[in-house]
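Because the structure is a prediction, the values reported are computed rather than measured.
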Amino acid sequence: MDTATTDEAGAESCCAGDNTYGYADHKQDYTRRLRRIEGQVRGLQRMVEEDQYCIDILTQISAVTKALESTALRLLDEHLSHCVTHAIEAGGQEADDKLAEASAAIARLVRS
């Protein structure tokens with residue numbers, strides 16, 4: 001049984017019919033967190049514009065980087081526990097594709 005569908009952007013949805021991803025239950029949390037990170041980045045821009053001390057800017061860059069990494073790891077966990085789990089239950093090529101996709105995503109995170 002094939003439960004994957006492709007959305008308008010070409011991305012595969014993991015569950016035909018309900019069109020939800022693993023993060024759907026926590027979408028507001030992710031949105032809030034990303035807005036907070038966006039604010040941190042704007043703060044970095046201000047720091048540069050205001051000629052702040054280099055180390056202070058680097059400290060804030062480190063904080064933004066950690067916030068993004070934390071968000072990415074949460075999204076990855078949601079993806080594995082929802083989308084990949086559904087694909088494995090479906091079996092076949094879909095399972096192989098989702099596992100390869102997850103592996104590639106993990107590799108990108110590790111390299112960054």
Is the CD atom of Glu50 crowded by more than 12 outside heavy atoms at less than 6.0 Å?
yes

Just by modelled atom types, is the Ala67 backbone N or O under 3.5 Å from a matching donor or acceptor in the Thr71 side chain?
yes

Sub-4.5 Å side-chain heavy-atom contact between Val64 and Gln60
no

Linking I/L/V/M/F/W/Y whenever any side-chain heavy atoms sit under 4.5 Å apart, do Leu73 and Leu68 land together?
no

Just how far is it from atom CG of Asp96 to atom CD of Glu94, taken to the nearest 0.5 Å?
10.0 Å

Considering non-hydrogen atoms only, spot the tightest contact between Leu80 and Thr85 and give its length.
O-OG1, 3.0 Å

State which residue, out of Lys27, Arg32, Arg33, fulfils the side chain to side chain donor-acceptor pair (under 3.5 Å) condition with Asp29.
Arg32

Sorted by chain and residue number, the salt bridge (charged side-chain N to carboxylate O under 4.0 Å, His left out) partners of Glu38 (sequence neighbours excluded) come out as Arg42

Just by distance, no angles: are the side chains of Gln52 and Asp56 close enough, under 3.5 Å, to form a donor-acceptor pair?
no

From OH (Tyr23) to OG (Ser81), nearest 0.5 Å
13.5 Å

So, taking the atom named SG in Cys54 and the one named CE in Met47, what distance separates them when rounded to the nearest 0.5 Å?
10.0 Å

Taking Thr59 for the side chain and Ile55 for the main chain, is one N or O donor matched with an acceptor at less than 3.5 Å?
yes

Write down the atom of Ala95, the atom of Ala87, and the distance for their closest heavy-atom approach.
CB-O, 3.4 Å

So Gln40 and Leu44, do their side chains get closer than 4.5 Å, heavy atoms only?
no

Looking at side-chain heavy atoms only, is the closest gap between Glu101 and His79 below 4.5 Å?
yes

From CZ (Arg108) to CG (Leu76), nearest 0.5 Å
10.0 Å

Under 4.0 Å between a side-chain nitrogen and a carboxylate oxygen: does that hold for Glu49 and Arg46?
no

Would you compute the distance between atom NZ of Lys66 and atom CD1 of Ile37 and round it to the nearest 0.5 angstrom?
13.0 Å

Any heavy-atom pair between the side chains of Arg74 and Tyr30 that's under 4.5 Å?
yes

Quick one: side-chain contact (heavy atoms from CB on, under 4.5 Å) partners of Ala72, sequence neighbours excluded?
Leu109

